[in-house]
Engineer: 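Below is one structure. I have some questions about it.
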Amino acid sequence: MITLAYAYIIVGFFFASISILTLLDRANPRRFRTALFWALLATSFWAGQYLGDLGNGLLALALVALAAIGLGQGKPPTTTPEQRRESAERRGNLLFLPALIIPAVALGGTLAVQYTDWGPVIIQEQHKTLVSLVIGVLIAVTVLMLWLRPPLLAPLQEGRRLMDSVGWAALLPQMLASLGAVFLAAGVGDQVGRIFAEYIPMLDTRTVAVSAYCIGMALFTIIMGNAFAAFPVMTAAVGLPFVIIACGGDPARVCAIGMLAGFCGTLMTPMAANFNVVPANLLELPDRKAALNGVIRAQIPTALPLLVANIVLMRLLAFP
Amino acid sequence: MLVLLGIGVVVFGFIVRANPLLVVMAAALTTGLAAAWTPSADIAVMTNAARDTLATFGKAFNDSRYISLTWVLLVAIGLLERAGLQERARITIANVKAATVGRLLWVYLVIRQGTSALGLTSLGGHPQMVRPLVAPMAEGAAEAKFGALPDRERYLIRSHAAATDNIGLFFGEDIFIAIASILLIKGFLEGYDIIVEPFELSIWAIPTAIAALAIHSLRLWLLDRHLKRTLTKASAAEAAQ
């Protein structure tokens, strides 16, 4: 059976290759520390389960230190714009087809595990979508290598080219999820709840409680950059004690809409690097380093009315 | 009260624009130390607290490795880009005469939201879809209609391509029953002895999904109007020269 552990080994190999290729690339002005960064990440994927909690914490600390002093970008060999245009004209719309292999395999694998007898034999049921995704990548790369016949190292060099442009931001979501765990262990949620109760009058009435929870989710998500990290804190602080227990809200409806109110916050914050900073970098926006880059400015006029819509929807639907 | 210092660290780090990874780690350590601090706490107590916090962080970091697993996709995307995927998208869309930026992005919004609702979140995304396909297609649509684009409008269109992807994803994915956020809610409520089924949660994401679709459709219609107004003026000025 193909499990998540195998997928981690493959992803570890990907990061390890980036590390080695970076080390050999003299065009990267900071090749040693960049190589070390990816090597540590490879270590995490290969051996994280053997490092112990403190070992993993130290590994995360080292990654943060390297990111803080700055990573460099290499110059992997790739095709010229002219070659790409020529290839695009020659190969036509057939080029779009391989891009669909990965999602098709990810969906196919997920459905196979869910609805067939043989699916769960091949793919670990608990992580069916992630495992299928990695299988899809392997199939897509095999097809592309056979079809396009690029140099053997091309998939790893092209992967490095894109990974370098994303840089340390690649790790922010995982780090934020970890920060959420620390906040919860320290009881940050309880404290925030006490402050809300102290400063917001009539927090035990439905409209006030719902507004405080939704706006709190959005604001906390803006600060943390991640609705996943904000959810346990804000729900423990306001959602559960006030909206659900004091006002009698339905837990499923309150939490489902509360999470989406948090997503409105995600649209408005540069802390959500994956969604708001990474695309600004990938699309080479001139204001990509600004706190409110073009992507965030394009999203705010949708996010604010939608936050109001979430408040209205929760108020109308969550108290059956 | 002191444990809230960690939130303060995040806010401060955000304002001074320190490296976000550094901000996150500093906030975690501050929170852990603040939780352990008492007036009588000595160095040994605080050292232990720092070590425990780092262990809590490390355990969570290791447990959530799957979040960073998806980067392996870039291998396949990079190979396709090498063979001219972005160039192909431009050629294709430039030949579609009817497409405007707003209509093109609207179609993408509907597809992105619909496929995310089916659990196909990896069908889109910035490295996978926006950079190689959607943004060049949207630029191509504007170029076919108005000719060469001024930088300002080019970057505006790119920003909207990324924004449309995010909005379609965020307000579609929660309709799918096996997405991380839904499982997180279920796990959280179980900790408080409230048992909910993923299906109960996902069905209540639908009203917000409809609201998001309505609001963003209006935004894209307004984007088309804005582009038409500014770019027609620009090309008229060019023709007059």
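Convention: sequence-line order gives letters A, B, ...; per-chain numbering from 1. Because the structure is a prediction, the values reported are computed rather than measured.
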Engineer: Partners of A:E89 by salt bridge (charged side-chain N to carboxylate O under 4.0 Å, His left out), sequence neighbours excluded?
Structural biologist: none
Engineer: Please classify the contact of B:A55 with chain A as side chain, backbone, both or neither, using a heavy-atom distance under 4.5 Å.
Structural biologist: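 Answer is both: backbone and side chain atoms of B:A55 are under 4.5 Å from chain A.
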Engineer: Side chain from CB out, backbone as N, CA, C, O: work out which of these in A:L313 comes under 4.5 Å of a heavy atom of chain B, or both, or neither.
Structural biologist: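 For A:L313, side-chain heavy atoms alone lie under 4.5 Å from chain B.
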Engineer: Set out, in order, the CA-CA distance, both residues' side-chain angles and the distance that settles side-chain contact (heavy atoms from CB on, under 4.5 Å) for A:I244 and A:R253, then state yes or no.
Structural biologist: CA-CA 10 Å; A:I244 293 173; A:R253 301 177 194 194; over 6 Å; no
Engineer: Kindly state whether the ring of A:F231 and the ring of A:F220 have centres lying under 6.0 angstrom apart.
Structural biologist: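 No; A:F220 has its ring centre 6.0 Å or more from that of A:F231.
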Engineer: Taking B:N62, B:V72, B:T56 one by one, which has the highest count of heavy-atom pairs under 4.5 Å against chain A?
Structural biologist: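 Highest number of pairs under 4.5 Å: B:N62.
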Engineer: Take B:H160 and B:L105, measure what side-chain contact (heavy atoms from CB on, under 4.5 Å) needs, and give me the verdict at the end.
Structural biologist: CA-CA 8 Å; B:H160 270 276; B:L105 291 181; 3.9 Å; yes
Engineer: Report which part of B:L222 has an atom under 4.5 Å of a heavy atom belonging to chain A: side chain, backbone, both, or neither.
Structural biologist: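 Neither the backbone nor the side chain of B:L222 comes within 4.5 Å of chain A.
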Engineer: Among B:I167, B:L156, B:T164, who wins on heavy-atom pairs under 4.5 Å with chain A?
Structural biologist: B:I167
Engineer: Counting only heavy atoms not in B:W106, do more than 12 fall under 6.0 Å of its CH2?
Structural biologist: no
Engineer: Mind ranking A:G55, A:S87, A:A65, A:P76 by heavy-atom pairs under 4.5 Å with chain B and telling me who comes out on top?
Structural biologist: A:S87
Engineer: Counting heavy-atom pairs under 4.5 Å with chain B, which one of A:P286, A:P251, A:A185 comes out on top?
Structural biologist: A:P286
Engineer: Heavy-atom pairs under 4.5 Å with chain B: which of A:A7, A:A309, A:A67 has the most?
Structural biologist: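 The option with the most such pairs is A:A67.
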Engineer: May I ask you to check if B:R219 and B:W221 form a cation-pi contact, with NZ or CZ under 6.0 angstrom from the six-membered ring centre and within 45° of the axis?
Structural biologist: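 Geometry flag: not set, cation outside 6.0 Å or 45°.
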Engineer: Taking every heavy-atom pair that is under 4.5 Å apart, which of B:V24, B:L69, B:D151, B:I215 has the most such pairs with chain A?
Structural biologist: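 Top option by heavy-atom pairs under 4.5 Å: B:L69.
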Engineer: Does a donor on one side chain sit under 3.5 Å from an acceptor on the other, for A:Q157 and A:T78?
Structural biologist: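 No, no side-chain donor-acceptor contact under 3.5 Å.
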Engineer: Mind ranking A:I10, A:D250, A:L285, A:T235 by heavy-atom pairs under 4.5 Å with chain B and telling me who comes out on top?
Structural biologist: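 Greatest number of close heavy-atom pairs with chain B: A:L285.
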Engineer: Between chain B and each of A:R297, A:E284, A:R90, count heavy-atom pairs under 4.5 Å; write down the option with the most.
Structural biologist: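 When all of A:R297, A:E284, A:R90 are compared, A:E284 has the most.
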Engineer: Only pairs of heavy atoms separated by less than 4.5 Å count here; which of B:A60, B:G6, B:S159 has the most with chain A?
Structural biologist: B:S159
Engineer: Can you check whether B:A205's main-chain N or O pairs, donor with acceptor, with B:T208's side chain at less than 3.5 Å?
Structural biologist: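 Not at all, since once roles are kept as given, no pair shorter than 3.5 Å links the two residues.
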Engineer: Among B:R65, B:R131, B:H126, B:K59, which has the most heavy-atom pairs under 4.5 Å with chain A?
Structural biologist: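 Ranked by contacts with chain A, first place is B:R65.
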Engineer: Identify which of A:P81, A:G92, A:P98, A:G159 forms the greatest number of heavy-atom pairs closer than 4.5 Å to chain B.
Structural biologist: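 Among the listed options, the one with the most contacts to chain B is A:G92.
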Engineer: Among residues two or more places apart or on two chains, list those pairs meeting side-chain hydrogen bond (donor to acceptor under 3.5 Å, both in side chains) that have a residue in residues 168-186 of chain A.
Structural biologist: A:Q174-B:S68
Engineer: Under 4.5 Å from any heavy atom of chain A, what part of B:L4 do you find: side chain, backbone, both or neither?
Structural biologist: side chain
